[in-house]
Amino acid sequence: MPPADSQALSLVVTAGSMADLGRAARLAEEAGFESVWSTEFYDRSATIGVTSMAQATSGIELGTAIAYAFGRTPLVLAAEARDLDELSDGRFTLGLGTGTRRMQQDWHGLDGEHPASRMEELVPLIRKLWDLDQGPVEHEGRFYRVKVKPTAPAQPPLRRNLPIYMAGVNPRMVEAAGRVADGLVGHPLFTAEYVRDVVRPALAKGAEHAGRDAQVPIAGYLTCSVDDDREAARSAARAVVAFNSTVKTYEVIHRLHGFEPHVERIREAWRSGDFAAMADAVTDEMLDTIALAGTPDEVRERFTDRWANVYERTLLWPPAFRGLPAIEATIEAFAS
């Protein structure tokens, strides 16, 4: 059983088929989780994944963590969000992220320039397009030009204030979330110290700039690898941490902890295709600073000691390559 003082937990589901997404969401709902979130990559749509989750559940909150913001037009984003909120009966949160600069360039054919400023323009524009039933929308901005005059009456959205969360790692993007978003999606490499020393101040700075008084909440990823075989759990989590650490964008997190030598060894192994050496370069200190990994009792205790009050919404993320069993193990370990 989870510690009595723990917050309501959430689950991120990456692995498996559409049917697996639905099954995982249903199990999370039955186990008392607060929300369940879909992911996106080059072979999976986060928005379509939510439909499977919505159809398999009745009350749990749903979200995308994250859908690629720049791979869709503002109008498509607004329309998809309207549909998903209606389909889930008002349970949906639109989580948007930019991906890395290389992903923007190579996957979506974009220049990858000025992502934070672009998000600051995009999010308010999506909100305007939600309210298309209130009248035409015309926008001439730095990054977007939109002119939509409905030729037939537009249907009102189920909710006027459907929440938008933005992903961010570096301070400038986190600040952008503080300015325009309803929350921040925290990265799997975030540490409690990075959240305290970098993320919270950047969010507050953005909110202050926008004249917002309330604290902007964080839905933070937390890699969670659970197995009765302790070393199997920790080995899987090392692989996840190592893979994420190959991205230069995330150096700012490792720098705070002095993990740069480990990261360099990870990248050397990545360049040579030595995946085992990548995982081996993740030390115990690095692993336990970033992730939860071990037996069910260990991860519950570690969550209470280190992570219970870091985020408003903790998104437990089992290793995708271990499939549905890893998801089920995480759900079972933290079921209420």
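Values in this document were obtained by computation on a predicted structure and should not be read as measured data.
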From CA spacing to verdict: side-chain contact (heavy atoms from CB on, under 4.5 Å), Phe259, Glu285: CA-CA 9 Å; Phe259 291 153; Glu285 179 190 7; 4.1 Å; yes

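- With no hydrogens or angles considered, a side-chain donor-acceptor pair links Thr191 and His257 at under 3.5 Å.
- Shortest non-hydrogen contact noted between Val241 and Ala291 is CG2-CB, 4.4 Å.
- Counting heavy atoms from C-beta on, the side chains of Val299 and Phe334 come closer than 4.5 Å.
- Atom-to-atom distance recorded for Gln104:CD and Phe70:CZ is 5.5 Å, nearest 0.5 angstrom.
- Using a 4.5 Å heavy-atom cutoff, the side chains of Tyr221 and His187 are not in contact.
- Put simply, CZ on Arg179 and CD on Glu208 are 11.0 Å apart, with the number rounded to the nearest 0.5 Å.
- Remark: Asp274 CG is packed, more than 12 non-hydrogen atoms of other residues, nucleotides or ligands lying under 6.0 Å away.
- Between Asp83 and Leu87, the closest side-chain pair of non-hydrogen atoms is not below 4.5 Å.
- Residues Phe303 and Leu315 fall into different hydrophobic clusters, defined by Ile, Leu, Val, Met, Phe, Trp and Tyr side chains chained together at heavy-atom separations under 4.5 Å.
- In this structure, CD1 on Ile218 lies 7.0 Å from CZ on Phe190, to the nearest 0.5 angstrom.
- More than 12 heavy atoms of other residues, nucleotides or ligands shown are found within 6.0 angstrom of CZ on Arg159.
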Step-by-step side-chain contact (heavy atoms from CB on, under 4.5 Å) determination, Phe321 to Val240: CA-CA 9 Å; Phe321 65 89; Val240 173; 4.1 Å; yes

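- Residues Met119 and Val180 are not in side-chain contact: their nearest non-hydrogen atoms beyond the backbone lie 4.5 Å or more apart.
- Both Leu184 and Leu77 sit in one connected hydrophobic cluster of ILVMFWY residues. Membership requires side-chain heavy atoms under 4.5 Å apart, directly or through other members.
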Salt bridge (Lys or Arg N to Asp or Glu O under 4.0 Å) assessment of Asp297 paired with Arg230: CA-CA 10 Å; Asp297 286 342; Arg230 181 178 189 270; over 6 Å; no

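- Judged by distance alone, the side chain of Arg302 and the main-chain N or O of Ala293 form no donor-acceptor pair under 3.5 Å.
- Scanning both residues, Met173 and Thr98, for their nearest heavy atoms gives CE-CG2, 3.7 Å.
- Residue-environment remark: CG (Asp43) exceeds the threshold of 12 foreign heavy atoms within 6.0 Å.
- Residue Asp106 places its CG atom among more than 12 non-hydrogen atoms of other residues, nucleotides or ligands, all under 6.0 Å distant.
- Within the model, atoms OG of Ser52 and CZ of Arg26 stand 9.0 Å from one another, a figure rounded to the nearest 0.5 Å.
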Glu328 and Arg322: CA distance, side-chain angles, deciding distance, salt bridge (Lys or Arg N to Asp or Glu O under 4.0 Å) verdict: CA-CA 11 Å; Glu328 293 172 336; Arg322 299 195 77 190; over 6 Å; no

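- When atom types are taken as modelled, the side chain of Tyr68 and the backbone of Glu40 share a donor-acceptor pair closer than 3.5 angstrom.
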Intermediate values then yes/no, side-chain contact (heavy atoms from CB on, under 4.5 Å), Glu140 and Lys147: CA-CA 8 Å; Glu140 291 281 351; Lys147 186 174 183 180; over 6 Å; no

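- Looking at every heavy atom in both residues, Ala236 comes nearest to Pro319 through CB-CG, 4.1 Å.
- With respect to the salt-bridge test (charged N to carboxylate O, under 4.0 angstrom), the residues Glu61 and Arg91 do not qualify.
- A salt bridge links Arg172 with Glu120: the distance from a Lys NZ or Arg NE/NH1/NH2 to an Asp or Glu carboxylate oxygen falls below 4.0 Å.
- Salt-bridge formation is detected for the pair Arg200/Glu312: a Lys NZ or Arg NE/NH1/NH2 atom is positioned less than 4.0 Å from an Asp or Glu carboxylate oxygen.
- Side-chain contact check for Pro150 versus Asp133: every heavy-atom pair is 4.5 Å or farther apart.
- Of all non-hydrogen atoms in Pro171 and Val198, the two that sit nearest each other are CG-CG1, 3.8 Å.
- Cys224 is listed as a side-chain neighbour of Val226, based on a closest heavy-atom distance under 4.5 Å.
- Going from atom CE of Met286 over to atom CG of Leu189 covers 7.0 Å, rounded to the nearest 0.5 Å.
- Salt-bridge formation is not detected for the pair Arg142/Glu121: no Lys NZ or Arg NE/NH1/NH2 atom is positioned less than 4.0 Å from an Asp or Glu carboxylate oxygen.
- Hydrophobic clustering (ILVMFWY, side-chain heavy atoms < 4.5 Å, transitive): Val123 and Leu84 are in one cluster.
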Tyr250 and Val263: CA distance, side-chain angles, deciding distance, side-chain contact (heavy atoms from CB on, under 4.5 Å) verdict: CA-CA 10 Å; Tyr250 311 142; Val263 172; over 6 Å; no

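- Ion pairing between a basic and an acidic side chain is recognised when a charged N comes within 4.0 Å of a carboxylate O; Glu298 and Arg234 show no such pairing.
- Between Trp270 and Phe243, the two ring planes are perpendicular [angle over 60°; tilted spans 30° to 60°].
- Within a 6.0 Å sphere centred on CD of Glu260, other residues, nucleotides and ligands contribute more than 12 heavy atoms.
- Counting heavy atoms of neighbouring residues, nucleotides and ligands inside a 6.0 Å radius, atom CG of Asn161 does not exceed 12 of them.
- Looking at His254 and Glu251, their side chains never come closer than 4.5 Å, going by heavy atoms from C-beta outward.
- Following chains of ILVMFWY side-chain contacts shorter than 4.5 Å, one cannot reach Trp37 starting from Leu292, and the two form parts of different hydrophobic clusters.
- Using a 4.5 Å cut-off on side-chain heavy atoms (C-beta onward), Val146 and Leu75 make no contact.
- Residue-environment remark: NE2 (His209) stays at or below the threshold of 12 foreign heavy atoms within 6.0 Å.
- Looking only at atom types and distance, the side chain of Glu86 has no donor-acceptor partner in the side chain of Gln155 under 3.5 Å away.
- Looking only at distances, no side-chain donor or acceptor of Arg44 sits under 3.5 Å from a matching main-chain atom of Thr39.
- A distance below 6.0 Å separates the ring centres of Trp107 and Phe41.
- Across all their heavy atoms, Glu34 and Ser10 have their closest contact at OE1-OG, 2.9 Å.
- Taken to the nearest 0.5 Å, the CG atom of Asn244 stands 11.5 Å off from the OG1 atom of Thr249.
- Closest heavy-atom contact between Val50 and Ser38: CG2-OG, 3.2 Å.
- Put simply, the side chain of Gln105 gets close to the backbone of Asp111: a donor and an acceptor are under 3.5 Å apart.
- With respect to Arg238, the salt bridge (charged side-chain N to carboxylate O under 4.0 Å, His left out) criterion is satisfied by exactly one of Asp280, Asp284, Asp288: Asp284.
- In terms of hydrophobic clustering, with Ile, Leu, Val, Met, Phe, Trp and Tyr side chains grouped at heavy-atom distances under 4.5 Å, Phe92 and Met18 are assigned to a common cluster.
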